[in-house]
**Q** 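Could you have a look at this structure, given as structure tokens, before my questions?
Because only heavy atoms are used, hydrogens play no part in the values below, and waters and symmetry mates are left out as well, while side chains stay in. Numbers restart at 1 for each chain; the letters A, B, ... are given by sequence-line order, proteins then strands.
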Amino acid sequence: MQRHLITAAIPYINGIKHLGNLVGSQLPADLYARYQRARGNEVLFLCATDEHGTPAELAAAKAGKPVAEYCAEMHTIQAEIAKGFRLSFDHFGRSSSPQNHALTQHFAGRLADEGLIREVVEKQVYSNADGRFLPDRYIEGTCPNCGYDKARGDQCENCTKQLDPTDLIEPRSAVSGSTDLEVRETKHLYLRQSALKDDLDAWIDSKTDWPILTTSIAKKWLHDGDGLQDRGITRDLDWGIPVRRGDAEWPGMEGKVFYVWFDAPIEYIACASEWADAQGHTDWERWWRTDKGAEDVRYTQFMGKDNVPFHTLSFPATILGSAEPWKMVDHLKSFNYLNYEGGQFSTSQGRGVFMDQALALLPADYWRWWLLSNCPETSDTEFTWELFQQGVNKDLADVLGNFASRVTKFCRSKFGETVPDGGTFGPQEEELITNLDTRIAKYSEMMDAMEVRKSAQELRAIWVAGNEYLQAAAPWATIKEDEAKAAMQIRLGLNLIALYAVLSAPFIPDAATRMQDAMQPGDTDWPTSARAALTQLPEGHAFTVPDNLFAKVTDDQREEWTAQFSGVRE
RNA sequence: GGCGCGGUAGCUCAGUUGGUUAGAGCGAUCGACUCAUAAUCGAUAGGUCGGGAGUUCAAGUCUCCCCCACGCCA
């Protein structure tokens with residue numbers, strides 16, 4: 001039995017994510033987790049909310065709530081939506097957890113002990129009215145280059161010129177609009193990533209099976225310009241993990257917190273600790289410490305391409321730098337972007353379909369199937385309502401749903417709601433078995449390789465194989481000449497439904513459950529032989545005719561939704 | 001501006017280290033069937049693989065230039 005540690009990129013707390021975010025990490029991670037569990041492997045599938053940082057503080061302020069309260073509420077909302085999409089996390093944690101506080105402080109202490117932390121005194125803009133330091137992008141003013149009056153302190157959106165906050169003419173706080181700003185000196189900790197560059201480089205080089213997208217991004221950051229730069233890991237904020245050196249105070253760093261990018265990936269580890277606590281045991285290091293049982297763990301991360309630098313460089317730098325035997329990622333599956341009706345999905349602009357909205361329209365399976373079977377694996381891909389409608393109607397309603405419907409209803413009308421007996425397999429059935437054995441092997445191979453779209457293609461082909469068989473066998477014609485043969489044919493059809501339930505479960509778990517409820521198979525293990533799978537329902541076994549598994553998306557719905565989601569949210 | 005990923009049938013996408021007549025699904029057209037959610041099954045049509053030059057016996061696949069779209073620039 002293999003052991004799989006699987007993490008999906010942790011979503012930021014300040015709002016509900018859109019379908020592009022979902023398909024880029026959580027959904028394919030869930031597909032893989034469900035598949036590995038179905039294969040009988042041990043799986044720990046973790047995700048969490050990323051809760052620290054200025055955007056969270058500002059979102060809380062906008063909502064008129066204390067930031068801790070705001071984060072707690074948003075975490076609950078995101079957890080509910082995750083459940084709605086049937087994301088089968090073993091634990092959905094929080095980067096603000098006590099476990100992550102302790103672990104983040106531990107890592108910082110270790111890095112300092114290894115000589116990989118340096119202290120830097122730098123100048124930052126302080127807003128007296130807001131009573132806080134302002135990150136560069138929260139300072140607005142007039143661009144000295146083009147005169148645009150809403151340029152941000154890091155860059156002018158109008159002329160794209162890189163800026164320093166002190167370049168701005170008439171700078172003001174983007175938080176309060178106050179112009180009562182001053183430049184203050186403040187001390188911060190920097191992680192000496194540059195010292196780890198060669199180690200990281202060698203580590204990336206050893207990952208020959210990673211997607212090109214992943215390694216090319218990592219290599220670019222390692223070698224571009226002056227190479228990998230040291231990064232600040234602390235901030236002058238209230239909301240975050242207090243800077244401590246392990247268990248000890250960090251002199252001179254009082255009142256400061258770790259920067260969100262530093263503590264967020266550590267939550268992948270802390271989340272396992274949270275999971276163990278929630279399970280009532282302490283046995284989580286066997287997933288994360290190679291000296292404590294994680295030697296045989298295979299660790300896979302899922303994320304969108306924008307997250308690749310953090311997962312290939314920043315987080316590994318933290319782990320390598322600690323000089324402790326933490327588990328490093330084995331495979332990193334990254335995704336491109338999903339576009340929406342010719343443009344981008346955008347959280348900030350409220351463009352596209354958000355996770356809560358999607359679930360209000362249709363059950364999770366519709367979204368899971370379409371998004372996974374069209375996921376942006378090798379290039380950006382396009383979501384349009386027309387493509388969505390065509391895809392789910394054809395694949396789910398017509399090919400799979402209708403198959404279950406025609407088989408069960410035909411059986412009910414001719415033989416009743418029990419598996420009919422009589423007849424034996426002939427050439428057509430043998431051909432189907434051979435075909436299915438090949439296709440199931442291919443499907444499993446693609447799932448093992450995390451080839452999401454190709455897996456979906458194979459699964460669909462397996463569904464189609466059932467219709468092909470039925471069309472050729474034509475039990476509705478056979479029954480007029482040879483009732484026993486028709487019984488055998490439809491018995492095979494009923495077994496196919498039970499087989500489809502098992503094979504389809506990673507993609508469409510709810511429909512799979514309904515197929516199983518209808519067929520009541522004794523065995524729901526992953527099939528090793530099509531012949532065994534297609535003879536498992538005993539003759540005389542009772543079943544029920546399920547309601548249609550999938551209703552079609554109508555043209556009226558499509559038009560309504562296209563219009564409803566043409567603008568921006570809120 | 002620099003860098004990165006792409007530009008393959010009407011649409012969405014596959015095309016391994018260059019090698020026989022470039023593939024899939026959808027959509028379209030025609031046919032078969034009538035058990036089923038007017039579903040299914042079969043067949044057909046559709047591409048000078050963004051443009052140009054080059055390397056090679058052979059290029060969607062390598063090199064160079066150009067055009068277009070998208071992304072990143074700590």
Side-chain angles (χ1 to χ4, degrees), chain A residues 136-137 154-155 159-162 190-191 193 211-232 259 261 304-310 313-314 334-339 342-344 370 373-384 386-415 446 449 451-454 456-461 463-480 486 489-490 493 545-554:
Chain A
D136 293 354
R137 66 175 158 142
D154 54 348
Q155 182 179 30
C159 69
T160 74
K161 182 177 172 62
Q162 305 274 315
Y190 272 66
L191 174 59
Q193 293 187 137
I212 295 170
L213 180 66
T214 303
T215 49
S216 69
I217 291 173
K219 283 288 182 184
K220 190 222 165 199
W221 282 54
L222 273 171
H223 300 297
D224 198 41
D226 297 330
L228 192 61
Q229 299 298 299
D230 296 347
R231 289 199 73 178
Y259 190 19
W261 78 257
K305 60 184 171 186
D306 52 328
N307 263 319
V308 168
F310 291 106
L313 302 172
S314 303
S334 57
F335 290 85
N336 290 281
Y337 293 138
L338 183 69
N339 289 322
Q344 294 180 57
W370 193 89
S373 61
N374 294 282
C375 73
E377 217 160 9
T378 53
S379 63
D380 291 354
T381 59
E382 191 77 19
F383 174 95
T384 68
E386 191 173 353
L387 286 168
F388 176 74
Q389 180 195 24
Q390 285 177 356
V392 297
N393 284 359
K394 192 69 183 175
D395 299 346
L396 297 180
D398 296 346
V399 175
L400 176 62
N402 183 57
F403 178 80
S405 184
R406 66 196 294 210
V407 169
T408 53
K409 285 176 182 170
F410 180 81
C411 187
R412 179 171 65 186
S413 74
K414 304 296 181 188
F415 300 99
M446 289 299 108
E451 291 279 359
V452 179
R453 295 175 72 115
K454 289 178 180 173
Q457 275 177 28
E458 280 303 318
L459 179 57
R460 188 187 190 282
W463 297 340
V464 168
N467 282 312
E468 285 172 2
Y469 168 77
L470 215 57
Q471 207 62 32
W476 49 91
T478 312
I479 196 164
K480 294 172 186 163
Q489 291 170 337
I490 211 67
V545 175
D547 292 337
N548 285 344
L549 292 176
F550 299 97
K552 293 200 193 195
V553 175
T554 64

**Q** Identify all pairs in which a protein N or O lies below 3.5 Å from an N or O of nucleotides 8-10 of chain B, and state each distance.
**A**
none

**Q** Would one find a side-chain N or O of A:Lys394 under 4.0 angstrom from OP1 or OP2 of B:rU40?
**A**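 Checking A:Lys394 against B:rU40: at least one side-chain N or O falls below 4.0 Å of OP1 or OP2.
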
**Q** In terms of the angle between their ring planes, are A:Phe310 and A:Trp261 parallel, tilted or perpendicular, with boundaries placed at 30° and 60°?
**A**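 Ring orientation, 0 to 90° scale: tilted.
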
**Q** Can you tell me how far P of B:rC26 sits from CD of A:Gln457, to the nearest Å?
**A**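 Atom-to-atom, A:Gln457 to B:rC26, this comes out as 11 Å.
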
**Q** Roughly how many Å is it from CE in A:Met446 to P in B:rG15, rounded to a whole number?
**A**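 One finds 11 Å between P of B:rG15 and CE of A:Met446, rounded.
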
**Q** Can you tell me which stems RNA chain B forms when a stem means 3 or more consecutive Watson-Crick or G-U pairs under 3.5 Å?
**A**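 Stems found: B:1-4 with B:70-73, B:10-13 with B:23-26, B:28-32 with B:40-44, B:50-54 with B:62-66.
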
**Q** Using a heavy-atom cut-off of under 4.0 Å over every strand shown, decide if A:Phe550 touches base, sugar-phosphate, or nothing.
**A**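 A:Phe550: base contact, heavy atoms under 4.0 Å.
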
**Q** Could you tell me whether the side chain of A:Asn393 and the main chain of A:Lys552 form a donor-acceptor pair under 3.5 Å?
**A**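 Not a single qualifying donor-acceptor pair exists.
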
**Q** Does A:Gln193 use its side chain to pair, donor to acceptor, with the backbone of A:Leu313 at less than 3.5 Å?
**A**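 Not a single qualifying donor-acceptor pair exists.
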
**Q** Applying a 4.0 Å non-hydrogen cut-off, can you work out what A:Val407 is touching in the nucleic acid: base, sugar-phosphate, or nothing?
**A**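 Touches nothing.
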
**Q** With sugar-phosphate meaning primed atoms plus P, OP1 and OP2, does A:Lys414 contact a base, only sugar-phosphate, or nothing at under 4.0 Å between heavy atoms?
**A**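 The answer is nothing, as A:Lys414 stays clear of every strand by at least 4.0 Å.
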
**Q** For B:rU55 versus B:rC26, give the span between their P atoms, rounded off to a whole number of Å.
**A**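 Those two atoms are separated by 43 Å.
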
**Q** Applying a 4.0 Å non-hydrogen cut-off, can you work out what A:Ile490 is touching in the nucleic acid: base, sugar-phosphate, or nothing?
**A**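 It contacts nothing in the nucleic acid.
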
